[in-house]
Amino acid sequence: MEYKNIQEVFPGIGCAWTNAAGKTTSEYCGVADWESNTPVSSDTIFPAFSISKFITAICVMKLYEQGVIDIDHPANTYLQQWKLRTLDGSESNTSIRSILCHTAGIMDGEDAFYGLRRNDPEISLVDILEGKTTYNNRPVRAEKPQGEAFEYSDAGYCVLQQLLQDVMHKSFDDIVWDILLDPLGLCNTFFATPGNIACFESRMATGYDEEGLPIPGRFPAVPDLAASGLWSTPKELLIIAKEFMKAYEGRSRLLRQKTVQEMAKPVEKFPWTGLGLFIGEDNTLISRGWGESGQCMLKMHFRTGEIAVVMTNRNPGVDQQASGVEWLADRKPGEGNQVSFGSPDDIESWMNLVRRVSWNFPGLETEKALEDHRQTVLKFMEKKQALCTKNGEEITGVLLFSRNRNMICCLAVSPEQRRKGIASKLLEKALDELDRNRDITVSTFREDDEKGVAPRALYRKYGFRESELTEEFGYPNQVFVLKSSLRTNDKS
């Protein structure tokens with residue numbers, strides 16, 4: 001998978017990462033709205049969908065550590081306006097814990113929690129719980145004994161939303177603000193109530209469906225706030241995740257270590273789930289979001305401290321692994337673009353880059369010329385004379401050199417990856433491979449050619465000096481020479 005292919009899927013993408021050393025980086029590309037051509041930036045607010053459940057679970061667990069509720073008691077102990085019942089109508093003894101980890105036997109209606117528009121009649125939380133609307137046409141019941149089966153359930157988190165409101169006597173978004181968002185100083189994270197939308201709408205990303213068409217009203221209405229109503233930015237979700245990881249290590253003033261470790265502990269019989277999040281391979285904690293107007297992912301490595309957040313504004317129609325969202329989360333931008341020798345397995349990605357920049361290189365104007373170049377690259381790869389840099393699996397820079405002729409033959413960098421030191425890395429590696437006791441040459445554009453500004457400056461930086469004027473493929477060039485270290489020493 002390559003970055004440019006993922007960019008073709010999503011109109012807009014926002015990413016933020018924290019590496020093992022605690023350094024945070026972020027990237028933004030594409031548009032938040034196609035019609036106005038508004039670019040995605042650090043201020044763009046994306047839908048977080050089911051990452052909402054992670055936030056809801058934190059709030060539930062905070063009340064648990066404060067002694068306000070006990071997650072091992074039945075939810076009905078705290079529910080007042082509405083009660084969770086079994087299929088026979090009796091009150092259920094289903095615990096809060098089992099609802100948090102989707103083992104409460106609560107099941108969503110068919111095609112539920114989807115398709116509501118902002119101009120549709122307002123739906124109350126109790127309407128959802130009673131199954132009175134097409135948004136959720138199945139009354140919320142504990143249909144199976146708790147702990148018997150894993151059933152991922154938005155409806156279960158609607159129960160938790162009602163429970164929190166009954167216990168705290170506040171609106172759900174006010175509860176989350178008081179417990180989590182305000183203490184962390186977050187000003188671009190909120191649940192999508194009409195009032196909050198009115199405040200933030202100008203910066204909320206327009207959502208696009210599986211066909212790439214804008215959602216009517218720009219984004220859907222989501223009355224099930226605790227399940228999927230969160231909006232945020234990658235950087236602010238990263239702040240929440242960092243606080244969670246600090247708590248895991250016992251360094252948070254907001255959450256206790258025991259609370260967070262309880263959330264991250266595998267559930268008996270269902271080891272892939274914790275409380276409000278999922279447990280992946282290699283010591284990762286995961287929260288995924290996917291709705292009709294976007295897809296996102298949060299990954300936390302609780303051993304290394306690495307964190308990744310990816311947010312988008314289109315439903316790709318496939319899961320995070322297939323869409324490339326997980327690939328973006330697994331990128332290590334601070335560690336990418338390291339130089340390595342190219343191999344035949346890299347040839348397709350290598351040639352994809354060459355095709356994108358072929359307009360800048362005389363002699364690569366035709367398909368035959370490109371195929372000839374492909375065969376040349378493969379020969380250089382066999383001789384370990386082909387260098388490349390990668391961002392994940394995508395090749396971002398290429399360089400061919402000849403040990404026999406002691407020269408740099410070709411150097412190119414992806415347009416999106418320029419000004420990141422890639423050309424310098426490639427050239428430094430090539431110079432290490434060549435014989436510094438002989439003159440090293442390279443042919444590049446002439447001084448009066450605008451194409452030559454960047455490459456000529458690069459070669460001068462490394463000690464190359466102008467030599468004779470030449471032509472290659474009928475195009476005017478100039479040879480640059482890096483004098484041998486022997487000749488340089490003779491003059492000193």
Side-chain angles (χ1 to χ4, degrees), residues 1-15 27-40 44-53 107-120 123 128 133-138 152-155 157 192 197 201 203-225 227-234 237 278 286-299 308-331:
M1 188 166 289
E2 296 186 8
Y3 196 8
K4 67 182 183 65
N5 299 128
I6 302 170
Q7 289 174 303
E8 291 169 358
V9 173
F10 298 104
I13 302 172
C15 307
E27 287 184 8
Y28 306 93
C29 67
V31 294
D33 180 82
W34 261 331
E35 185 177 0
S36 63
N37 201 33
T38 303
V40 172
T44 302
I45 304 173
F46 289 92
F49 305 107
S50 285
I51 293 177
S52 308
K53 296 178 177 68
M107 302 175 71
D108 294 348
E110 185 177 354
D111 296 326
F113 301 98
Y114 185 90
L116 193 66
R117 299 293 173 250
R118 294 169 65 192
N119 59 358
D120 288 341
I123 294 176
I128 295 174
T133 73
T134 56
Y135 190 67
N136 180 44
N137 57 11
R138 185 178 194 144
Y152 187 82
S153 178
D154 285 342
Y157 273 72
I197 291 173
E201 184 164 4
R203 293 195 287 119
M204 294 167 70
T206 297
Y208 297 87
D209 65 18
E210 192 173 343
E211 304 301 320
L213 300 174
I215 299 295
R218 295 187 57 228
F219 40 82
V222 181
D224 50 313
L225 299 179
S228 53
L230 183 72
W231 286 71
S232 188
T233 66
L237 277 186
F278 294 98
I286 300 169
S287 183
R288 299 179 183 90
W290 182 6
E292 60 178 315
S293 58
Q295 193 177 72
C296 53
M297 190 170 195
L298 165 64
K299 258 190 170 183
V309 178
V310 179
M311 308 186 81
T312 73
N313 62 337
R314 181 192 170 192
N315 172 14
V318 292
D319 65 20
Q320 283 86 346
Q321 185 176 19
S323 72
V325 163
E326 186 163 11
W327 183 91
L328 290 172
D330 289 339
R331 284 178 66 211

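Keep in mind that the numbers below use all heavy atoms, side chains included, and drop hydrogens, waters and symmetry copies.
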Evaluate the side-chain proximity of [Y] to [X]: yes if any heavy-atom separation is below 4.5 Å, no if none is.
X    : Y    : result
W327 : I6   : yes
S52  : Y157 : no
D33  : Y208 : yes
C296 : F49  : yes
K53  : D154 : yes
I128 : F113 : yes
V222 : Y135 : yes
W290 : V325 : no

Can you name the closest pair of heavy atoms from [X] and [Y] and give their distance?
X    : Y    : result
W34  : G212 : CZ3-O, 3.4 Å
T44  : A32  : CG2-CB, 3.9 Å
G115 : D120 : O-OD2, 4.2 Å
G14  : Y28  : CA-CD2, 3.8 Å
V9   : P316 : CG1-CB, 3.9 Å
S50  : S287 : O-OG, 4.0 Å

Enter the distance from [X]:[atom1] to [Y]:[atom2] here, rounded to the nearest 0.5 Å.
X    : Y    : atom1 : atom2 : result
L237 : L298 : CG    : CG    : 6.5 Å
I45  : I197 : CD1   : CD1   : 11.0 Å
I215 : R118 : CD1   : CZ    : 12.0 Å
R314 : S293 : CZ    : OG    : 12.5 Å
D111 : N136 : CG    : CG    : 11.0 Å
D330 : Q321 : CG    : CD    : 9.5 Å

- request: Given side-chain contact (heavy atoms from CB on, under 4.5 Å), test M311 with I51 step by step and report yes or no.
  value: CA-CA 11 Å; M311 308 186 81; I51 293 177; 5.8 Å; no
Quick check against the 3.5 Å criterion: does [X] have a side-chain atom that pairs as donor or acceptor with the backbone of [Y]?
X    : Y    : answer
R117 : P220 : no
E292 : N315 : no
R218 : E201 : yes
Q295 : V318 : yes

Tell me, yes or no, whether the heavy-atom count around D319 atom CG, taken from other residues, nucleotides or ligands under 6.0 Å, exceeds 12.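 Atom CG in D319 is packed in, count exceeds 12.
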Among T233, L230, V310, N313, which residue meets the side chain to side chain contact (heavy atoms under 4.5 Å, CB included) test with F46?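 For F46, the side chain to side chain contact (heavy atoms under 4.5 Å, CB included) test succeeds with only one of T233, L230, V310, N313, which is N313.
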Next item on the list: Take I286 and K299 through the test side-chain contact (heavy atoms from CB on, under 4.5 Å) and record every step on the way to the result.
Entry: CA-CA 5 Å; I286 300 169; K299 258 190 170 183; 3.9 Å; yes
